[in-house]
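Notes follow the structure.
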Amino acid sequence: MTITHPPLSAARPAEAGVARLDQHLTSPATQAVLRVQSRILSAARAFLSEHGFTELLPPLIGPVTDPGIRGSKQVDVDFYGHKYKLMTSAILYKQASLLGFDKIFYIAPNVRLEPLETAVTHRHLAEFHQIDVEIRDVGRDDAMRVAQQLVAYVVGEVVRDMPVELEALGRDPESFRKVVEGHFGRITHREATDELVGLGHPQDPAAEIDWRGEEILSARADNARFIVDYPKGSRGFYDREHPDRPGVLNNFDLIAPEGFGELASGGQRESDYATLITRMRETGENPSKYGWYLDIAREGLPASAGFGIGLERFTRYVTGVDAVWKASAYPKLPGVVSA
Ligand code: AMP
Ligand code: MG
C-alpha cells in the first residue's frame, strides 16, 4: 500500500504539544518516567538472560526492512551508491539470527515516517524502540507465553522498586495487580471485530483494527489481553498463515488495559522459501529486493516465533503518562520538526 503524505508541516514542538528538549529533560516528571524506563530495560534484560536468551545488537540499516508497517514510510540511506533503508523493524534479521542462536533479543531502534494524522493518537513516534524477541522452533502460543511472563515480570519489578516514581507520576501500583499476576485475556480478531461492531464502532473483519478500535478494546479490559488470528492482508509476509485455516494468520497483538492500546505484535513466522515468495507477491512486495533474505530462506531459514514490545508504549502504560512522546528522552513526533 502506498500512502501519500501531505507536505510536512513546519510544526514546532510547542505547537504540537511537545515540550522543548531542554524543558523536557529538566522536568521532574520526565526524569521519573525515564528512570522507570531504565528499570523496564534492566528488568527485561534480566528476565530474558535468565531464560537463556542472547542479546544481540540490531542492525541500523539494510537493503530491505520490514514492509508490514501500516501506512508509514521507510527512510532511505545512501550506502555507497546503493539505496539502503533505516530499520522499520529488524524482523528479517531476527529470523536470520536463529541460524546461530536458539533464543535472541534486541533492544532495537526503529524509524518510521508515520502518517501525519498519527501525531495526535498519543501512541506514535517517528523514532522508537522495540524489545524484540525471537525463538527458534516454537509456536505462536509459546511466544505469547514468553511475552506474558516478560510483561508481568517487568511490571512487577517496577512496582517493587519504583514506588517513589510511580507516586510522583500519580500511578496507583494497585492498578497493575492483574497484569503482574499474569493470566492475560485472549480473544480472536473475529471476536474483537464483533465486540467493536456491537459497540457501534465500524470494524472490517478483513482488516487491521484501527487506532480508535484498539483504544476502545483496551479501555474495556481490566487486564492485558491478546488478540490472535489476524486476517491475511493486515500484516507483512512473514506472519505465518494457519496451515488448515486459509486467510488466517498465526499471530497476535498484546493490548494493554486502561485504554493504552497495543503494546506488542508477534506471531509464528513463515520460513518456507516458496511460501515466502508467494506471500511477498500477495502483499505487493517484489521478491527480487529481498536478495540476502531469500538466499538464506532457500538454504533453510529456521522455523520460529517471536514478538516486539514497543518500549516507549510499554513505558507510557507503566507510568500512565498521557502521550507516548513523554516516554522518550528525545521525542520525535510524526511531522514535527524537533531536536
Ligand atoms: P509493529 O511491528 O508495528 O507491530 O510494531 C511493534 C511494536 O512497536 C508495537 O506493538 C508498538 O508497541 C510499537 N510501535 C509501533 N509503531 C510505533 C510508533 N510509531 N511509535 C511508538 N511505538 C510504536
Ligand atoms: Mg503491531
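Whatever order the structure lists ligands and atoms in, that order sets their numbers, starting from 1. What you are looking at is a predicted structure, and each value in this text was computed from that prediction instead of being measured.
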The closest protein heavy-atom partner of atom 20 (N) of ligand 1 is Leu125 N, 2.9 Å
closest protein heavy atom to atom 11 (C) of ligand 1 is Arg313 NH1, 3.5 Å
*asked:* Distance alone, cut at 3.5 Å: any donor-acceptor contact between the side chains of Glu208 and Ser234?
replied: no
Going by the 4.0 angstrom heavy-atom rule, the piece of Glu312 near ligand 1 is neither
Near Gln130 (heavy-atom distance under 4.0 Å), the atoms of ligand 1 are 6 (C), 7 (C), 8 (O)
Over-ring placement of Arg171 relative to Tyr317, 6.0 Å and 45° cut-offs: yes
Which atom pairs, donor and acceptor, lie under 3.5 Å between side-chain atoms of residues 269-276 and protein residues at least two apart or in another chain?
from, atom 1, to, atom 2, distance (Å)
Arg269, NE, Glu134, OE1, 3.3
Arg269, NE, Glu134, OE2, 3.0
Arg269, NH2, Glu134, OE1, 3.0
Arg269, NH2, Gly306, O, 3.2
Glu270, OE2, Asp272, N, 3.1
Asp272, OD2, Thr275, N, 3.0
Asp272, OD2, Thr275, OG1, 2.5
Tyr273, OH, Arg298, NE, 3.4

In ligand 1, the atoms that come under 4.0 Å of a heavy atom of Ser265 are 4 (O), 10 (O)
With nothing but distance in play, are any N or O atoms of Val324 less than 3.5 Å from an N or O of ligand 1?
no
(Q) Leu263 versus ligand 1: do any nitrogen or oxygen atoms come within less than 3.5 Å of each other? (A) yes
Inset, instruction - Indicate whether any N or O donor in one side chain lies under 3.5 Å from an N or O acceptor in the other, for Gln268 and Asn251. - result: no
Near the Mg ion (ligand 2) (protein N/O/S, cut-off 2.8 Å, waters excluded) we have Glu262 OE2, Ser265 OG
Exercise. Given the rule in the side chain to side chain donor-acceptor pair (under 3.5 Å) test, do Arg39 and Ser42 qualify, once you have shown the distances and angles that lead to the verdict?
Worked result: CA-CA 5 Å; Arg39 187 69 190 98; Ser42 65; 2.7 Å; yes
